[in-house]
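Input: a single structure, listed below in structure tokens.
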Amino acid sequence: MGDRKILGEFEQMVVAAVLRLGSDAYGVTITEVIADTTGRDVKSGALSVTLDRMEKKGLIRSRLADASAGRGGRPRRYIELTAQGLLAARESRSAMLRIWDGLDEAYEP
Amino acid sequence: MSAPSLPRWFVAALDAVISDPVARAGLVGDLEERYGRLGDARALRRAMWLLAELVAVGLHYTWNRDAEIMDGLKQDLGFALRSLARRPGFSALLIITLALGIGANTAIFSVVNGLLLEPLPFDDADRLAVINEREASGFTASVSFPNYRDWKERAKSFDRFATILPSSRRLSSRWGGSWVGSSRRCPWSRRSAGSSAVMKPSRGPTRWLY
């Protein structure tokens, strides 16, 4: 367990957004979910380079589909988690829950 | 009214920055879709949006490719800057120390570089030798001209002999002046170095050879 890497903050947001979106996870919808749930304005370039990095690490896989007029005839890059990505997400969430466990009184007003 | 589409220059800039075709197609499509949702927003807002997205793409795709390393570097840099800001007195001392250290090292290296590392501005500089006379007291003295003339005529260990008279001159202009090294009457160097100047400085304002 000591060797397992916890996903970075933004990577965790992306993974959670992809899990929420299911088969409709692509750049625009992922940025919307992150903005709605965290209030963070995510630039598409930042998301894209993070997706590239996560794909290289084997956490996600992507495919191009659905070229449409609303996107200037360009396709969507759909994202799905790999088994390795799912495992990393689970580990990261567990680690975060463990480290915050029992501290409710410490930060409650 | 149809949704606005990304300007061509913007798409061309993205094409230039992003090499991976899948990432490029997906990102340009995403940006096209989001730009279209700005609808009839004012031109200034659209321009600001484009600028922000372009900066983000440029930053992330040029400086942040290896993001794990860069994230660590950015965190370290941010921590260092915040620490410096919290202790301005210590920071000032640190900066002054660094400035003095770097300045002193640069000055010393300039001297070492000029005297020891840089070759002399003459052909076959490694074959040059300076000959002096040593007095009975042990002090080094300049060569007398009669001795020079005798050595020049009879010595077989040297190809050529020449004399130099080290001195310095002050060069002045309307912007100020500085002392420069010079010497006079050095026919050997005139031939060997191919220069009409006996001690033509090739680098920097001051150069001594004697």
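Letters go in sequence order (proteins before strands), and every chain restarts at 1. All figures in this text were calculated on a predicted structure; none of them were measured in a lab.
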Basic-acidic side-chain contact under 4.0 Å: A:Glu11, A:Lys57 | yes
Hey, does the side chain of A:Arg71 reach the backbone of A:Pro75 with a donor-acceptor pair shorter than 3.5 angstrom?
-> yes
Between chain A and each of B:Val11, B:Asp20, B:Val57, B:Leu27, count heavy-atom pairs under 4.5 Å; write down the option with the most.
-> B:Leu27
Contact leader toward chain B among A:Gly8, A:Ser62, A:Ser44, where contacts are heavy-atom pairs under 4.5 Å = A:Ser44
Which answer fits A:Glu32, side chain, backbone, both or neither, if we ask what part of it has an atom under 4.5 Å from a heavy atom of chain B?
-> side chain
Does any N or O in the side chain of A:Arg40 come within less than 3.5 Å of the main-chain N or O of A:Ala35, such that one atom is a donor and the other an acceptor?
-> no
Verify, without hydrogens or angle tests, whether A:Thr31 (side chain) and A:Val42 (backbone) share a donor-acceptor contact under 3.5 angstrom.
-> no
Per-residue contact mode, B:Val55 against chain A (heavy atom under 4.5 angstrom) | neither
Part of A:Thr50 within contact of chain B (heavy atom distance under 4.5 Å) = neither
Would you say B:Asn105's side chain and B:Gly101's backbone share a donor-acceptor pair under 3.5 angstrom?
-> yes
Is the shortest distance from a Lys or Arg side-chain nitrogen in A:Arg74 or B:Glu32 to a carboxylate oxygen in the other one below 4.0 Å?
-> yes
If the plane angle is over 60° it's perpendicular, under 30° parallel, otherwise tilted; pick one for B:Tyr35 and B:Trp49.
-> tilted
Mind telling me whether B:Phe161 and B:Tyr148 have parallel, tilted or perpendicular rings, with 30° and 60° as the class edges?
-> perpendicular
Which residues in residues 79-87 of chain B have any heavy atom lying under 4.5 Å from a heavy atom of chain A?
-> none
Residue selection (most heavy-atom pairs with chain A, distance under 4.5 Å) from B:Ala56, B:Gly26, B:Gly29 | B:Gly29
With a 4.0 Å cut-off, would you call A:Arg77 and A:Asp52 a salt bridge?
-> yes
